[in-house]
Amino acid sequence: MTRVLIISDSHGLTSEILSVRDRENADYMIHCGDSELDADADELDQFYVVGGNCDFDNRYPTEQTLTINGVTFCVVHGHLHQVKSNLLTLGYRAKELGAQVICFGHTHIAGAEQVGSQLFINPGSIRLPRGRKEATYAIMEWETSSNITVSFYEESGEPITELFYNASF
């Protein structure tokens with residue numbers, strides 16, 4: 001089973017990132033931007049990180065593409081793809097990169113949605129959630145690409161069962 005931690009929009013938090021990172025014991029970790037930390041901050045060690053509109057360290061890339069156990073990810077913050085309006089631009093960019101999973105933040109709204117052969121995941125925000133009171137992050141797990149789960153958790157580690165999502169490619 002492959003386990004990927006996805007977090008975003010932590011806006012300066014440090015102990016919370018460490019707590020989630022250490023508790024979840026993920027194989028891979030992604031931060032979708034707006035950490036507001038230096039690119040070499042210890043809290044982001046072991047994370048694939050992109051820069052957001054509130055990240056002023058220019059060492060952050062604006063996007064990352066990575067393949068994990070046969071699944072290709074496109075990781076962005078989302079502000080450069082107008083994700084507050086729709087996911088069309090981001091979907092096209094991911095298609096250009098050959099990505100099946102798109103991880104993004106910026107809206108601070110937790111959710112997952114499969115559109116055709118693409119799975120969009122926004123882990124929400126562990127600092128300033130929108131649309132719900134709980135600060136959130138996500139865990140994506142799979143053994144095969146025909147059985148993917150995306151689970152959402154409160155920053156404290158409590159599962160948010162109504163946001164559980166199944167996907168397959």
Side-chain angles (χ1 to χ4, degrees), residues 2-13 16-17 20-21 24 26-41 43-130 135-142 145 148-153 163 165 167 169:
T2 303
R3 185 174 172 88
V4 177
L5 164 65
I6 308 163
I7 196 168
S8 189
D9 295 282
S10 50
H11 291 284
L13 297 180
E16 292 84 350
I17 292 172
V20 169
R21 182 185 77 184
E24 290 302 340
D27 301 306
Y28 297 88
M29 296 178 290
I30 294 171
H31 195 298
C32 300
D34 276 1
S35 70
E36 295 187 40
L37 302 175
D38 289 337
D40 56 1
E43 292 83 2
L44 298 176
D45 186 42
Q46 303 172 30
F47 277 87
Y48 291 93
V49 182
V50 295
N53 57 298
C54 293
D55 291 313
F56 299 107
D57 186 330
N58 62 9
R59 294 176 290 170
Y60 285 117
T62 57
E63 72 179 22
Q64 289 212 42
T65 306
L66 54 138
T67 300
I68 301 171
N69 293 343
V71 177
T72 301
F73 289 73
C74 169
V75 180
V76 300
H77 182 59
H79 63 298
L80 301 176
H81 301 280
Q82 296 77 42
V83 297
K84 289 186 177 181
S85 298
N86 64 62
L87 300 178
L88 195 59
T89 304
L90 182 52
Y92 285 143
R93 179 61 182 146
K95 192 168 284 214
E96 289 173 349
L97 298 170
Q100 299 108 331
V101 177
I102 301 97
C103 299
F104 68 101
H106 191 54
T107 67
H108 296 216
I109 300 171
E113 177 181 6
Q114 185 169 352
V115 178
S117 61
Q118 295 180 316
L119 174 61
F120 294 85
I121 303 172
N122 185 327
S125 171
I126 64 166
R127 176 85 188 238
L128 302 163
R130 293 187 184 127
T136 58
Y137 64 93
I139 299 286
M140 178 181 160
E141 295 178 300
W142 74 96
S145 60
I148 296 169
T149 62
V150 181
S151 303
F152 290 84
Y153 298 86
L163 288 180
Y165 193 84
F169 302 119

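Counting from 1, the numbers follow the sequence of the chain as shown. Bear in mind that the values here come from a model prediction, so they are computed numbers and not experimental data.
The CG atom of Leu66 sits 5.5 Å away from the CD1 atom of Ile30 when rounded to the nearest 0.5 Å. In this structure, OG on Ser151 lies 11.0 Å from CE on Met140, to the nearest 0.5 angstrom. Here Ile121 contributes atom CD1 and Ile139 contributes atom CD1; the two are 10.5 Å apart, rounded to the nearest 0.5 Å. Interatomic distance, Asn122 CG to Ile102 CD1, rounded to the nearest 0.5 Å: 12.0 Å. A distance of 6.0 Å separates CD1 in Ile126 from NE2 in His31, rounded to the nearest 0.5 Å. Atom CZ of residue Phe169 and atom CG of residue Leu119 lie 5.0 Å apart, to the nearest 0.5 angstrom.
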Pair Val76-Val83, side-chain contact (heavy atoms from CB on, under 4.5 Å): steps then yes or no | CA-CA 10 Å; Val76 300; Val83 297; 5.8 Å; no
Evaluate the salt bridge (charged side-chain N to carboxylate O under 4.0 Å, His left out) criterion for residues Arg21 and Asp45: first the C-alpha distance (whole Å), next the side-chain angles of each, then the deciding distance (0.1 Å), finally the verdict.
-> CA-CA 10 Å; Arg21 182 185 77 184; Asp45 186 42; 5.2 Å; no
For side-chain contact (heavy atoms from CB on, under 4.5 Å), just list the numbers for Glu43 and Leu13, CA-CA rounded to whole Å, side-chain angles, deciding distance to a tenth of an Å, and then say yes or no.
-> CA-CA 9 Å; Glu43 292 83 2; Leu13 297 180; over 6 Å; no
Applying side-chain hydrogen bond (donor to acceptor under 3.5 Å, both in side chains), run through Tyr153 and Glu24 and close with a yes or a no.
-> CA-CA 10 Å; Tyr153 298 86; Glu24 290 302 340; 5.4 Å; no
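Using a distance-only test at 3.5 Å, with no hydrogens or angles considered, no donor-acceptor pair links the side chain of His108 to the main chain of Ser125. A donor-acceptor pair is defined here as one N or O able to donate and one able to accept, closer than 3.5 Å; such a pair exists between the side chain of Asp57 and the backbone of Ala39. Of the possible donor and acceptor atoms, one in the side chain of Asp34 sits under 3.5 Å from a partner among the backbone N and O of Asn53. Side-chain atoms of Glu36 never come within 3.5 Å of backbone atoms of Cys54 as a donor-acceptor pair (strictly under, hydrogens ignored).
The aromatic rings of His106 and His79 sit tilted, their planes meeting at an angle between 30° and 60°. Taking the six-membered ring where the residue is Trp, Phe120 and Phe104 present perpendicular rings, their angle passing 60° and hence far from 30°.
Every residue two or more places apart in sequence or in another chain that forms a side-chain hydrogen bond (donor to acceptor under 3.5 Å, both in side chains) with Thr72 is listed here: Thr67. Shown here are the side-chain hydrogen bond (donor to acceptor under 3.5 Å, both in side chains) partners of Tyr60, two or more places apart in sequence or in another chain: Ser35.
Contact record, Ala167 with Gln114: CB-OE1, 3.2 Å, taken as the closest heavy-atom pair. Of all non-hydrogen atoms in Phe73 and Ala99, the two that sit nearest each other are C-CB, 3.9 Å. Annotation for Ala110 and Thr136: closest pair CB-OG1, 3.5 Å, computed over non-hydrogen atoms. For the pair Ile7 and Phe47, the tightest heavy-atom approach, listed with the atom from each and the gap, is CG2-CE2, 3.6 Å. Of all heavy-atom pairs between Cys103 and Ile6, the closest is SG-CD1, 3.8 Å. In plain terms, the two heavy atoms of Ser8 and Pro123 that are nearest each other are CB-CG, 3.6 Å.
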